[in-house]
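Keep in mind it's a predicted model, so treat the numbers as computed, not measured. In what follows, chains carry the letters A, B, and so on, assigned in the order in which the sequence lines appear, proteins first and then strands, with residues in each chain numbered from 1.
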Amino acid sequence: MLWSVAALRRSGLLCGRGGGRGLWTGRPKSETDNVKPLVGVKILDLTRVLAGPFATMNLGDLGAEVIKVERPGVGDDTRTWGPPFVGTESTYFLSVNRNKKSIAVNIKDPKGVKIVKELATVCDVFVENYVPGKLTAMGLGYEDVDKVAPHIVYCSITGYGHTGPMSQRAGYDAVASAISGMMHITGPEDGDPVRPGVAMTDLATGLYAYGAVMAGLIQRCKTGKGLFIDCNLLSSQVACLTQVAANYLIDQREGKRWGTAHGSIVPYQAFKTKDGHLVVGAGNNQQFATLCKILNLPELIDDSKYKTNHLRVQNRKELIKILSARFEEEMTATWLCLFEGCGIPYGPINNMKGVFADPQVLHNGLIMEMNHPAVGKISVPGPAVRYSKFKMSEARPPPLLGQHTTHILKEVLRYDDRTIGELLSAGVVTQHEAK
Amino acid sequence: MICINSHNKHSSGAQEAEVEASLNPRRLRPAWATQTCFKSQMKRGERGEGNELMLHPWRNTIETDNVKPLVGVKILDLTRVLAGPFATMNLGDLGAEVIKVERPGVGDDTRTWGPPFVGTESTYFLSVNRNKKSIAVNIKDPKGVKIVKELATVCDVFVENYVPGKLTAMGLGYEDVDKVAPHIVYCSITGYGHTGPMSQRAGYDAVASAISGMMHITGPEDGDPVRPGVAMTDLATGLYAYGAVMAGLIQRCKTGKGLFIDCNLLSSQVACLTQVAANYLIDQREGKRWGTAHGSIVPYQAFKTKDGHLVVGAGNNQQFATLCKILNLPELIDDSKYKTNHLRVQNRKELIKILSARFEEEMTATWLCLFEGCGIPYGPINNMKGVFADPQVLHNGLIMEMNHPAVGKISVPGPAVRYSKFKMSEARPPPLLGQHTTHILKEVLRYDDRTIGELLSAGVVTQHEAK
């Protein structure tokens, strides 16, 4: 993007401290190995809790530099969400904030707003999750930031969207999960709705945002300008309803709870074993036949009632009763043995211990260890995706509150020591003792 | 970002050029790679008619508004079921052209996953395959493999979800495709990963959800595990893939070469375990089921009302105070047992009992009224009817209508994210099996009619009657 940098310089938009420095130019490196896609991209991260931090963490894994802007004193709410805590840090916070720098700035103070705006001029991306209007009131809304940093990719993550009847409402995963229909369709068939065990609505939104930011960067390549992105929990979860929603929209079929089973595929569920559960999925006739062989129920294969998925769905109750009775006769370990190499998907219901002892999980590098300056060695779930031509970013620990304030003011904005001292004294910014 | 036409500038060597020429006699070029940031026709720094600086050579010929990021990107989509199709659908929403390669006769398995069906199409298939072109090719036939390889040379992205090794056996593994199309961003979506002890196992959402710990932590507190009501493991993987493909395209801009991407259900779901996993890894706290509640935040759950449920989240002390006021239980605000989240978690059972009793006294509609404008998150547990009648859902454009050539008007959930500078792709219906076979062979690969006729007769490809 050399031409675009030159153009921006000429137009006078890149000026002052840090002018031109740090703006992502995408200059090709000399070696083509281990070139992370987002090296050189600076992300100004005003998000808190889960969706936003999860998105920026994933972008950081691809090489982006994430500058986390936090409120002095408290910081990101989740720092206090526990137990469990390890030392002063909640595991909640540690789990989604690796590899970020923390600057503690009071954005209710106009001097703090000025700092954030200056950071925006040398960053590529601005991500926030304030209730619509709140940042505008402080002078950090899209229009404000766009004026000083027209190249910025401004990603807004809200509960329901930036406009519309619910746009002013605060959003949390559980509530969005409920309003968006996800909770209604999750739970035992004859029981009450439940939440997915981890905030999948927040996480889906975070993943949409992570992709959307890259889409924004690609688009900026074409137009030379930044843009505004509207991500929200409600839309993300509704979009993820996929066929459950389509069943309703197209066929007026209401959603319902299925326990571990599936509305349109039989058999596809957890079966109780002697000492636990086994989850099995037979999505086509071939797989169903294989299943029957393993269960030593060959008569089911040619039974006209179960010949196709459609028929199996129709005769679900009867078929599941037969299969369930058989599964209950053996221990989970026995079934795992009998199913090995069979070609159909199967597996136990692992608790966390089971997950992180699983050889494939370990092989995939899903335990990421790092040294935290305050609490020592910690482990968090590692990055999900791997690439052939580059390694994911090194495992750097989540920051302490304001751990990098001075560093950022000095190195990124090139403030002198005196100015930094004044801002610290006035409480506009704070610096953690550990650096 | 310097996005070089990798196909031109970075394939070097006479041998490679020869291979290229033999496989690509019609000199086809990947569209995106030629049209992104640099185009040769105009020089940087030139001034246009209005003396504006040429930031982008074709900036004067097209409007900068409504420039979709992935226009010109061609995606060769060999995926089936949910994770892959969901990923490519989202990329299509951003302007990419998605060419869905399907097996003649059956096509994507989910075409038959129902009821419900509408006409010949399952709603399952319709829900995640909008805006794609379908070419029906038999890739077990070497002639079919040749077609797919040729398509790869003119596409930017290759996405597949075969069990590791299966495509290699057919000559369509990464090494094979990389040879003829070194620019290709090859994204593989599997159950567990491309290597490792479980890599050969077929993957389904429910099984991955179970192995990855998701199922264990979902369900009533005193009941059995359940699945999330929609395949969130598949969908999270699809979203990771959608982002990863874009990361791959960005990276290609820097290096001029493609790469291989490993996405899998197991890793995606384990990565999404976030704090539940961290609780275990850092603090050795096992995961458990919480019904609608949360392990670390109280109150944060569904409460039974007289005629339904209300979900409420009070994540800090201020919100808790507000909640108590609305419930007319002000004495709780100063009660030392509930002053901080930490204390509320400790005294969870007692507090929830008090709050629950109060919630059960009124109808959901009354509570919705009382909670309005209060500043804390709250909402009903909507069924599908409730969701798609919700004014905000409608406002967000989450019902996407389109006309399907075989079944008429259908609606599916719309795109989740919106952008200020461009509209999402138009709503085009999911394709019938092989609906675009001839079109693609003719327009993209520039086969002549005779060759196409021969392939159709031999059954290497099939064409749907509706075009």
Which atom names give the shortest non-hydrogen contact between [X] and [Y], and what distance separates them?
X        : Y        : result
B:Tyr419 : A:Ile229 : CD2-CG1, 3.6 Å
B:Ala416 : A:Ser236 : CB-CA, 3.6 Å
B:Pro228 : A:Met182 : CB-CE, 3.6 Å
B:Gln251 : A:Lys36  : CG-C, 4.4 Å
A:Arg253 : B:Pro115 : NH2-CB, 3.6 Å
A:Val279 : B:Ala210 : CG2-CB, 3.5 Å

Below 4.5 Å, heavy-atom pairs only: which of [options] has the largest tally toward chain A?
options                                : value
B:Val417, B:Ile211, B:Asp283           : B:Ile211
B:Met232, B:Lys288, B:Glu286, B:Gln319 : B:Glu286
B:Met215, B:Lys385, B:Lys304           : B:Lys385
B:Leu91, B:Val412, B:Leu398            : B:Leu398
B:Gly203, B:Pro380, B:Pro391, B:Gly193 : B:Pro380
B:Leu310, B:Asn341, B:Ile297           : B:Ile297

message = Could you go through A:Tyr154 and B:Ser420, starting from their C-alpha distance and side-chain angles, then the distance that decides it, and tell me whether this counts as side chain to side chain contact (heavy atoms under 4.5 Å, CB included)?
response = CA-CA 10 Å; A:Tyr154 191 114; B:Ser420 64; over 6 Å; no

Region of [X] in contact with chain A, defined by heavy-atom distances below 4.5 Å:
X        : answer
B:Phe125 : neither
B:Tyr204 : both
B:Val128 : side chain
B:Leu273 : both
B:Tyr124 : both
B:Phe388 : side chain
B:Asn90  : side chain
B:Asn279 : both
B:Val118 : side chain

Quick one: does any side-chain atom of [X] pair with a main-chain N or O of [Y] as donor and acceptor, under 3.5 Å?
X        : Y        : result
A:Lys222 : B:Pro69  : yes
B:Arg227 : A:Ala261 : yes
B:Gln392 : A:Tyr160 : yes

task = Kindly compute the distance separating CD1 (A:Ile185) from CG (B:Asn383), expressed to the nearest 0.5 Å.
result =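 So the CD1 of A:Ile185 and the CG of B:Asn383 are separated by 11.0 Å.
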
inquiry  = Just to verify, what does A:Ser379 make a side-chain contact (heavy atoms from CB on, under 4.5 Å) with, not counting sequence neighbours?
reply    =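 Counting only residues at least two positions away or on another chain, A:Ser379 forms a side-chain contact (heavy atoms from CB on, under 4.5 Å) with A:Ile367, A:Glu369, B:Leu281.
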
task = Give me the ring orientation class for A:His262 and B:Trp113: parallel if the planes are under 30° apart, tilted from 30 to 60°, perpendicular past 60°.
result =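 Ring orientation, 0 to 90° scale: perpendicular.
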
ask   = Considering only heavy atoms from C-beta outward, does the side chain of A:Val355 approach that of B:Tyr280 to under 4.5 Å?
value = no

query = For chain B, which of A:Pro188, A:Ala209, A:Ser167, A:Gly382 has the most heavy-atom pairs under 4.5 Å?
reply =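 Maximum pair count with chain B is reached by A:Pro188.
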
ask   = Between B:Arg201 and A:Tyr346, is NZ or CZ placed under 6.0 angstrom from the six-membered ring centre and within 45° of the ring axis?
value =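 Verdict for A:Tyr346: a cation-pi partner in B:Arg201.
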
ask   = A:Trp258 and B:Val226: side chain to side chain contact (heavy atoms under 4.5 Å, CB included), yes or no, with the steps?
value = CA-CA 8 Å; A:Trp258 287 103; B:Val226 299; over 6 Å; no

query = Non-hydrogen atoms of chain B under 4.5 Å away: do they reach the side chain of A:Val238, the backbone, both or neither?
reply = both

task = Decide side-chain hydrogen bond (donor to acceptor under 3.5 Å, both in side chains) for A:Ser235 and B:Asn396; before the verdict, give the C-alpha distance in whole Å, the side-chain angles of both, and the deciding distance to 0.1 Å.
result = CA-CA 7 Å; A:Ser235 296; B:Asn396 287 3; 2.9 Å; yes

task = Please list, chain by chain and in numerical order, all residues satisfying side chain to side chain donor-acceptor pair (under 3.5 Å) with B:Thr195, sequence neighbours excluded.
result = A:His363

request  = Take A:Ile218 and B:Met246 through the side chain to side chain contact (heavy atoms under 4.5 Å, CB included) test and state the conclusion after the steps.
outcome  = CA-CA 8 Å; A:Ile218 291 173; B:Met246 284 192 278; 4.0 Å; yes

message = Set out, in order, the CA-CA distance, both residues' side-chain angles and the distance that settles side chain to side chain contact (heavy atoms under 4.5 Å, CB included) for B:Thr274 and A:Val198, then state yes or no.
response = CA-CA 8 Å; B:Thr274 54; A:Val198 77; 3.5 Å; yes

